[in-house]
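So that the names make sense, note that chain A is the first sequence line, chain B the second, and so on, each numbered from 1. Just the heavy atoms: all of them, side chains too, but no hydrogens, waters or symmetry mates, feed the values below. Worth saying up front: this structure is predicted, and the values here are computed from it rather than measured.
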Protein chains: 2
Amino acid sequence: MEKVFKALASEPRRRMLNHLTGGPMTVSEIGAHFDMAMPSISKHLAVLKDAGLVQEQKRGQFVLYSIAADHMANLLYGFLTPFCPEARKIVKDRKRASRQTGGKP
Amino acid sequence: MEKVFKALASEPRRRMLNHLTGGPMTVSEIGAHFDMAMPSISKHLAVLKDAGLVQEQKRGQFVLYSIAADHMANLLYGFLTPFCPEARKIVKDRKRASRQTGGKP
DNA sequence: TTCTTAATTAGGAAATTATCTATGGAGAAA
DNA sequence: TTTCTCCATAGATAATTTCCTAATTAAGAA
C-alpha cells in the first residue's frame, strides 16, 4: 500500500494512468502529453510499475506500458475493506469473477 | 485527490485511520499508539483532516477525531471509475443509499 | 560497422515532507 | 488567580521527492 499510495500521490502519474486507459502506449507517446523531460517520464513510469499499477512490455526498441486496472482496483477495494463493509463484498465478487475468467484468485 | 493520496501515502496516517475505526479518539489516545512526539501526531491528523478523511470535534479541552469513512469511500470509488466500470455503479448505489439515509447527494 | 532513435541510469540542485524541541493558547482544576 | 492538561503553532534540521542535463545502453536502419 505504501508504494501504491505514493505512486498515486502525484498528479502527473495519475494523468499517465488516465492516458493509459486508451490502451498500451510507448514512453514517448505518453511523454508527448507532458511538458517534462523524457527521463522524468521514464522515472514516473518506473514508480507506477514498482507499485504494480502498470505493466511494461518490450517491443523491439520500444517499451509499451499498459495499465493494471484490475490490480489497482483490487488493492484499493482491499484497502477500503476495514472502513467500508461493502468493499468486502466487492472484493469477494471480484475474486469469484476472476476465477471464472481465468485470472488466478 | 492530490491531498487524499498524499495523506494516504504515509504509514502512520493509515494506521491512525485504522485506529479510528473503533470510534472517535482524542489526539493523546491516538498518539499513545505511536512512538512519535505529540506535535507530529497533531500534524498528521491535520493532514488527514485537510484531505477530508477525518473530522474533528472540540470537546472542552479535548479534540476528538473521527474517521470520515463515507467520504473516503466516495473519493476512492470516484477515482476508480475511469479504470474500473463497476466502480461507477457503486458510486451511483452509494448516492442513492445516501439520499435515503439523509446524506446530501 | 556506423548512425539514429528509444529509453534508462547517473549526478546534482531545488522543493517538499517529517520530525524534533520550544513556545503559545484555551479550558479545567486547585 | 494560579496551575495543570491538552493540543496546536513556530522554527530548525534531516530526509525524501522531483526535475533537469549529461551519459549510457539497446535496437534498428543505412
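- One interatomic measurement links the two molecules: CD of A/E56 to P of C/dT8, which rounds to 7 Å at whole-angstrom precision.
- A/N18 and B/P82 get closest at one heavy-atom pair: OD1-CB, 3.9 Å.
- The side chain of B/S10 places no N or O atom within less than 4.0 Å of a non-bridging phosphate oxygen (OP1 or OP2) of C/dT17.
- In this structure, A/F34 reaches neither bases nor backbone, as no heavy-atom distance under 4.0 Å exists between it and the strands shown.
- Between C/dT9 and A/S42, no contact under 4.0 Å exists linking OP1 or OP2 to a side-chain N or O.
- No continuous path of hydrophobic side-chain contacts links B/L64 to A/F83 [ILVMFWY only; heavy atoms under 4.5 Å].
- Between A/A37 and B/V27, the one whose closest nucleotide on DNA chain D sits nearer the 5' end is B/V27.
- No donor-acceptor pair closer than 3.5 Å links the side chain of A/S10 to the backbone N or O of A/A7.
- Applying the side-chain hydrogen bond (donor to acceptor under 3.5 Å, both in side chains) rule to pairs touching residues 48-68 of chain A yields A/K3-A/D50, A/K49-A/E56, A/Q55-A/S66, A/E56-A/Y65, sequence neighbours excluded.
- Residues B/F62 and B/M38 do not share a hydrophobic cluster, clusters being chains of Ile/Leu/Val/Met/Phe/Trp/Tyr side chains in contact below 4.5 Å.
- Along DNA chain C, the nucleotide closest to A/F62 and the one closest to A/A46 are compared, and the more 5′ of them pairs with A/F62.
- Note on residues 19-28 of chain B: no pairs pass side-chain hydrogen bond (donor to acceptor under 3.5 Å, both in side chains), not counting sequence neighbours.
- Crowding of B/R88 atom CZ: a count of heavy atoms from other residues, nucleotides or ligands under 6.0 Å not exceeding 12.
- Listed by first residue number, the stems of DNA chain C with at least three Watson-Crick or G-U pairs below 3.5 Å are C:1-30 with D:1-30.
- The nearest pair of heavy atoms linking B/A68 to B/G52 is CB-O, 3.5 Å.
- Taking the six-membered ring where the residue is Trp, B/Y77 and A/Y77 present tilted rings, their angle falling between 30° and 60°.
- In this structure, B/M36 atom CE and C/dC20 atom P are separated by 7 Å, rounded to whole Å.
- As rounded to whole Å, 15 Å separates atom C1' of C/dA6 from atom CE of A/M25.
- Shortest non-hydrogen contact noted between B/I30 and B/I41 is CG2-CG2, 4.4 Å.
- Note on A/K43: a base of the nucleic acid sits closer than 4.0 angstrom, heavy atoms only.
- If you take CD of A/E11 and P of C/dT16, they are 15 Å apart, rounded to a whole angstrom.
- Among pairs with a residue in residues 32-45 of chain B, those fulfilling side-chain hydrogen bond (donor to acceptor under 3.5 Å, both in side chains) read B/R13-B/H44, at least two apart in sequence or across chains.
- Distance, B/L48 CG to C/dA18 P: 11 Å, rounded to whole Å.
- Residues B/A73 and B/R94 approach most closely at CB-NH2, 3.3 Å, considering heavy atoms.
- Taking a heavy-atom distance under 4.0 Å as the criterion, the stretch of DNA chain D touched by chain B extends 5' to 3' from D/dT5 to D/dT9.
- Between the NZ atom of B/K6 and the C1' atom of C/dT17 there is a distance of 9 Å, rounded to whole Å.
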For nucleotides 22-30 of chain C, 5' to 3', base contacts (B), sugar-phosphate-only contacts (S) and non-contacts (-) with protein non-hydrogen atoms under 4.0 Å give B----BS--
